Amino acid sequence: MDKIEQISNDVQALKTKIDRHVGNYGKETHPLPEYGNAGFMPYDLYVKNKALFEKRPYITNQSVDDLEPGFYYGNHLTDIPADAEEEALALIDVTTYEDVRKSIRYQQGFTEATWIKNIHAPNADVPSHGWRKQLNYNILWSGRISKVNSTITLTDAKSNYNNIGFVYEGMASNAAFAMITSKRSTFTFDAMNIPNNNTDIVIAGSEMVLDFGNSQTVAKIAMNHTINVSTNVGINDKPLVLTNIIGIDL
């Protein structure tokens with residue numbers, strides 16, 4: 001075989017190798033594991049990554065701090081967050097960085113409550129700052145509403161969250177926030193106007209009642225009233241204004 005023929009064969013072999021790696025006219029330059037072709041990836045690494053994406057191994061009765069890098073699921077584990085449910089199945093992701101440091105993500109499968117912990121100094125007296133719970137929230141409603149008997153509809157059931165947050169405006173257009181357990185069906189908000197100078201001498205209070213009844217998504221304003229505390233006279237032109245409802249998981 002002369003050199004020209006050898007070069008031609010080598011080029012063809014290289015082209016075949018590249019074609020197998022690229023696939024689908026260049027749209028799969030890094031094919032996903034289920035395509036069954038590791039491309040230029042070492043086969044043992046391909047098999048390992050394919051298994052990771054197909055199924056997490058189940059673990060139990062061991063410390064999450066001692067896990068090797070990988071993706072797991074399990075229950076009845078140790079060194080988990082203090083407020084996590086031990087018997088509940090959880091997804092555990094473990095990665096390392098700078099050789100000895102470790103990052104652990106712990107997520108309960110059903111509630112989706114999530115904690116993160118970094119073991120940033122494994123050999124120190126205090127190797128980690130401990131678990132930090134991630135705040136999950138969703139804006140369920142946004143607008144401006146104050147009229148009695150007006151209704152609002154949430155984008156998701158309030159029962160899907162531990163707490164409900166309400167943002168509203170008081171008499172002086174000052175914003176207020178209240179966070180209340182989602183298990184309630186009726187929510188009451190109030191605000192006060194306190195005198196702060198010689199011209200502002202009115203003491204007045206406002207109160208709004210939001211009633212969900214038996215619904216988890218639809219509520220109406222059952223009451224929204226402002227009263228001058230000094231004269232006991234109603235001031236109905238300055239009621240509370242509801243502006244946001246937020247579903248919150250702490």
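Quick caveat, the model's predicted, so the values are computed rather than measured. Scope of the values below: all heavy atoms of this structure, side chains included, with no hydrogens, waters or symmetry mates.
Trp141 pairs with exactly one of Thr153, Thr155, Leu242, Asp156 by the side-chain contact (heavy atoms from CB on, under 4.5 Å) rule, that one being Leu242.
In this structure, Glu86 and Asn75 have side chains that are not in contact, with every pair of non-hydrogen atoms separated by 4.5 Å or more. Proximity of Arg144 to Glu169: side-chain heavy atoms (C-beta onward) are separated by under 4.5 Å at one or more points. At a threshold of 4.5 Å between non-hydrogen side-chain atoms, the residues Lys158 and Thr217 do not count as touching. Taking the side chain as every heavy atom from C-beta outward, Met179 and Ile248 approach each other to under 4.5 Å. Inter-residue side-chain proximity for Leu210 and Ile245 is flagged as met; some heavy-atom pair is nearer than 4.5 Å. Side-chain contact between Gln134 and Ile116 is present, with at least one heavy-atom pair separated by less than 4.5 Å. Residues Met208 and Met223 form no side-chain contact, since every pair of their non-hydrogen atoms from C-beta on lies 4.5 Å or further apart.
Ion pairing between a basic and an acidic side chain is recognised when a charged N comes within 4.0 Å of a carboxylate O; Asp93 and Arg56 show such pairing. Salt-bridge formation is not detected for the pair Asp79/Lys117: no Lys NZ or Arg NE/NH1/NH2 atom is positioned less than 4.0 Å from an Asp or Glu carboxylate oxygen.
At a cut-off of 3.5 Å, with distance as the only test, a side-chain donor of Ser142 or Asn244 sits close to an acceptor on the other residue. At a cut-off of 3.5 Å, with distance as the only test, no side-chain donor of Ser8 or Glu5 sits close to an acceptor on the other residue.
The heavy-atom pair separating Asp211 from Ala222 by the smallest distance is CB-CB, 4.3 Å. Between Gln107 and Thr114, the shortest heavy-atom contact is CG-OG1, 3.5 Å. Residues Gly205 and Met192 come closest through the heavy atom pair CA-SD, 3.7 Å. The two residues Asn224 and Leu240 have their closest heavy-atom pair at ND2-O, 2.9 Å. Here the closest non-hydrogen pair linking Ile164 and Gly247 is CD1-CA, 4.1 Å. Closest heavy-atom contact between Ser150 and Ile145: CB-CD1, 3.3 Å.
Separation of atoms NZ (Lys220) and OG (Ser215) is listed at 12.5 Å; rounding is to 0.5 Å. Atom NE2 of residue His225 and atom CG of residue Asp190 lie 13.5 Å apart, to the nearest 0.5 angstrom. The distance from the OG1 atom of Thr111 to the CD atom of Glu85 is 6.5 Å, given to the nearest 0.5 Å.
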Which atom pairs, one a donor and one an acceptor, fall under 3.5 Å between side chains of residues 123-130 and the rest of the protein, sequence neighbours left out?
residue: Ser128; atom: OG; partner: Asn118; partner atom: O; Å: 2.9
residue: Ser128; atom: OG; partner: Gly130; partner atom: N; Å: 3.0

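Under the 3.5 Å distance criterion, the side-chain polar atoms of Lys102 are left unmatched by any main-chain donor or acceptor of Tyr97. Without hydrogens or angle criteria, Thr78 side chain to Ser63 main chain gives a donor-acceptor distance under 3.5 Å.
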Candidate pair Leu135 and Lys133, rule side-chain contact (heavy atoms from CB on, under 4.5 Å), full reasoning: CA-CA 6 Å; Leu135 173 64; Lys133 192 172 185 178; over 6 Å; no
Stepwise side-chain hydrogen bond (donor to acceptor under 3.5 Å, both in side chains) test for Tyr161 and Asn138: CA-CA 9 Å; Tyr161 305 87; Asn138 188 22; 3.1 Å; yes
Chi angles and distances behind the side-chain contact (heavy atoms from CB on, under 4.5 Å) call for Val209, Thr186: CA-CA 7 Å; Val209 177; Thr186 302; 3.5 Å; yes
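Clustering of Ile, Leu, Val, Met, Phe, Trp and Tyr side chains at separations under 4.5 Å places Leu77 together with Ile59, Val64, Leu67, Tyr72, Ile80, Ile92, Val94, Ile104, Tyr106, Trp115, Ile119, Trp131.
Side-chain heavy atoms closer than 4.5 Å link hydrophobic residues (I, L, V, M, F, W, Y) into clusters, and following such links, even through other members, never connects Ile152 to Val241. Connection of Val167 to Tyr137 is established within a shared hydrophobic cluster, with ILVMFWY side chains joined at heavy-atom distances below 4.5 Å, either directly or through further cluster members.
Ring geometry, Phe187 versus Phe212: the interplanar angle exceeds 60°, so the pair is classed perpendicular (tilted spans 30 to 60°).
More than 12 heavy atoms of other residues, nucleotides or ligands shown are found within 6.0 angstrom of CG on Leu89. Residue Tyr58 qualifies as enclosed at atom OH: its count of foreign heavy atoms under 6.0 Å is above 12.
Note: Phe177 and Phe166 fail the aromatic proximity criterion, with ring centroids not under 6.0 Å apart.
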